[in-house]
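Below: the structure, in structure tokens.
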2 protein chains.
Amino acid sequence: MELKIGELAKRSGCLVETIRFYEKEGLLPHAARSQGNFRLYGEEHSERLQFIRHCRSLDMTLDEIRDLLKFRDVPQDNCSEVNLLLDKHIGHVADRITELKALEKQLKNLRGLCQTSEAGKDCGILQNLATTEGFEATNLGSHGGGCH
Amino acid sequence: MELKIGELAKRSGCLVETIRFYEKEGLLPHAARSQGNFRLYGEEHSERLQFIRHCRSLDMTLDEIRDLLKFRDVPQDNCSEVNLLLDKHIGHVADRITELKALEKQLKNLRGLCQTSEAGKDCGILQNLATTEGFEATNLGSHGGGCH
DNA sequence: TTAACATCCTGTAGCAGGTACAGAGTCAAG
DNA sequence: CTTGACTCTGTACCTGCTACAGGATGTTAA
């Protein structure tokens, strides 16, 4: 019943370091310790970690997860706040999709400037990238992770 | 003709610190210095920075940009490598769009579990997030920026 | 001339969300 | 009693910047 950190990591499919990181961040409560100062986890830690990993797999930030955990820890009479948080997050994702689609279009236009692969020194792509036209710092400064 | 770093920053729409950062990263060559040790830039720096910022606005990594700059510095007889790099990058973006769409779908499913906002303690969303079903660590471990 | 202020310099720390060590301690098996 | 697998704490690293601190330099007004 008592899991050491490596076993918990295996169960939840994440690294040992990640678990310690979540503890440090306050997402997981401090674990009990063995005589030799090893962390010992129970079923409730395992569930909570599962919850966190599931949220992360849905690309939520640790702050969003923190909020959800609060609702989990102290259930409210209604869950409209949970719904609100989720709706916001869905909004972020939808926005990012829109941005990336616009980006894809620009990149394909750019790629179209050189289909021949013979241009060499006069490569339209490199020339276009050196110009300032057609980009208004659209993507710059906006929050939003990359695609790598 | 000789620009100080602040003027170049204004021209290119980025911060002074960003320019120094690009220099440190080797994307921009070291600038000449004034008597008072101020960096002095010419037209070629300005163009090169424009190139970099344009690439960044297309969400390329600094490594990808480094590669493109190499082709710019030493033009080849053909530009098939430039095309290849661009195609790869378009692939990254397309992949990320696919991922985010799948994510959006999952989130909307999840959101559908609680339309009433009355469930309270039995909120289907919080319960579902605690389960391991329906997520195979899909999003975890993959390279790919978030949506925030 | 001198004071105030803008701009520049270097160097360092911080963001998210971990990952990857180093160097030391703990534990079970042979 | 040693080997090897695991754990501990603490720190540095990743990307692509951003934001200082603390000091030097340059420009303008009184």
Side-chain angles (χ1 to χ4, degrees), chain A residues 2-28 30-41 49 52-66 89 92 96 137 139-148, chain B residues 2-28 30-41 49 52-67 69 89 92 96 137 139-148:
Chain A
E2 305 253 277
L3 301 165
K4 275 190 288 178
I5 196 167
E7 294 159 344
L8 183 59
K10 216 165 283 174
R11 259 206 198 199
S12 59
C14 68
L15 296 179
V16 165
E17 286 94 338
T18 305
I19 296 174
R20 288 197 281 246
F21 171 74
Y22 289 153
E23 179 182 313
K24 195 169 53 114
E25 287 297 302
L27 294 168
L28 280 176
H30 291 291
R33 297 295 181 120
S34 74
Q35 280 199 321
N37 199 33
F38 287 10
R39 287 173 181 81
L40 295 177
Y41 295 100
L49 180 55
I52 295 167
R53 294 309 283 170
H54 198 164
C55 290
R56 284 295 299 137
S57 83
L58 297 173
D59 221 3
M60 296 182 196
T61 64
L62 297 190
D63 273 342
E64 286 173 328
I65 297 170
R66 246 181 284 270
H89 182 58
H92 296 329
R96 188 60 185 149
N139 206 38
L140 300 156
S142 80
H143 72 300
C147 62
H148 296 281
Chain B
E2 306 254 277
L3 300 165
K4 275 190 288 177
I5 196 167
E7 294 158 345
L8 182 59
K10 217 165 281 173
R11 259 204 197 196
S12 58
C14 67
L15 295 179
V16 164
E17 285 95 339
T18 304
I19 296 174
R20 287 198 282 244
F21 170 75
Y22 289 153
E23 180 182 311
K24 195 168 54 112
E25 288 297 302
L27 295 167
L28 281 176
H30 291 291
R33 299 293 182 122
S34 74
Q35 280 199 322
N37 199 33
F38 288 10
R39 287 173 182 81
L40 294 177
Y41 295 100
L49 180 55
I52 295 167
R53 294 308 284 171
H54 197 163
C55 290
R56 285 293 302 137
S57 83
L58 296 172
D59 220 3
M60 295 182 198
T61 64
L62 297 190
D63 272 343
E64 286 172 330
I65 298 170
R66 245 180 286 269
D67 284 343
L69 285 170
H89 182 58
H92 297 328
R96 188 60 185 150
N139 204 39
L140 301 155
S142 81
H143 73 301
C147 61
H148 295 279

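Each chain gets a letter, A, B and so on, in the order the sequences are listed, and its residues count up from 1.
Contact between B/L40 and B/A31 at its shortest, heavy atoms only, is O-CB, 3.6 Å. Between B/I52 and B/L27, the shortest heavy-atom contact is CD1-CB, 3.8 Å. Annotation for A/I5 and A/I19: closest pair O-CD1, 3.8 Å, computed over non-hydrogen atoms.
Rounded to an integer number of Å, the gap from A/I65 CD1 to C/dG17 C1' is 10 Å. Taking atom OH of residue B/Y22 and atom P of nucleotide D/dT15, one finds them 14 Å apart after rounding to whole Å. Following rounding to the nearest Å, B/K24 (NZ) and C/dC9 (P) show an atom-to-atom distance of 15 Å. Rounded to a whole Å, the CG atom of A/L3 is 15 Å from the C1' atom of D/dT7. Atoms CD (B/E17) and P (C/dG14) sit 17 Å apart, rounded to a whole Å. Across the protein-nucleic acid pair, B/I5 atom CD1 and D/dT25 atom C1' stand 15 Å apart, rounded to whole Å. Here C/dG18 presents its C1' atom at 13 Å from CD1 of A/I19, a figure rounded to the nearest Å. One interatomic measurement links the two molecules: CD of A/E23 to P of D/dT9, which rounds to 8 Å at whole-angstrom precision.
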Any N/O pairs under 3.5 Å between the protein and nucleotides 23-27 of chain C? List them or say none.
residue : atom : partner : partner atom : Å
C/dC27  : OP1  : A/G36   : N            : 3.3

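Contact annotation: B/R39 side-chain N/O to C/dT7 OP1/OP2 distance is not under 4.0 Å. Not one side-chain nitrogen or oxygen of B/R20 sits closer than 4.0 Å to the OP1 or OP2 atom of C/dT10. Applying the 4.0 Å criterion to OP1 and OP2 of C/dG18, one finds that A/R53 has a side-chain N or O inside that range.
For the pair B/R53 and B/T18, the minimum side-chain heavy-atom distance is below 4.5 Å.
Between the side chain of B/R66 and the backbone N or O of B/E25 there is at least one donor-acceptor pair closer than 3.5 Å. Looking only at distances, a side-chain donor or acceptor of B/H89 sits under 3.5 Å from a matching main-chain atom of B/L58.
Distances were taken from every side-chain heavy atom of B/T18 (C-beta onward) to each of D/dC20, D/dC17, D/dC8; the shortest belongs to D/dC17. For B/L62, counting side-chain heavy atoms from C-beta on, the closest listed nucleotide (C/dT19, D/dC8, D/dG16) is D/dG16.
Residue order along DNA chain D, read from the 5' end via each residue's closest nucleotide, puts A/L40 first among A/L40 and B/R66.
In this structure, CG in B/L8 is found 12.0 Å from CD in B/E2, a value given to the nearest 0.5 Å.
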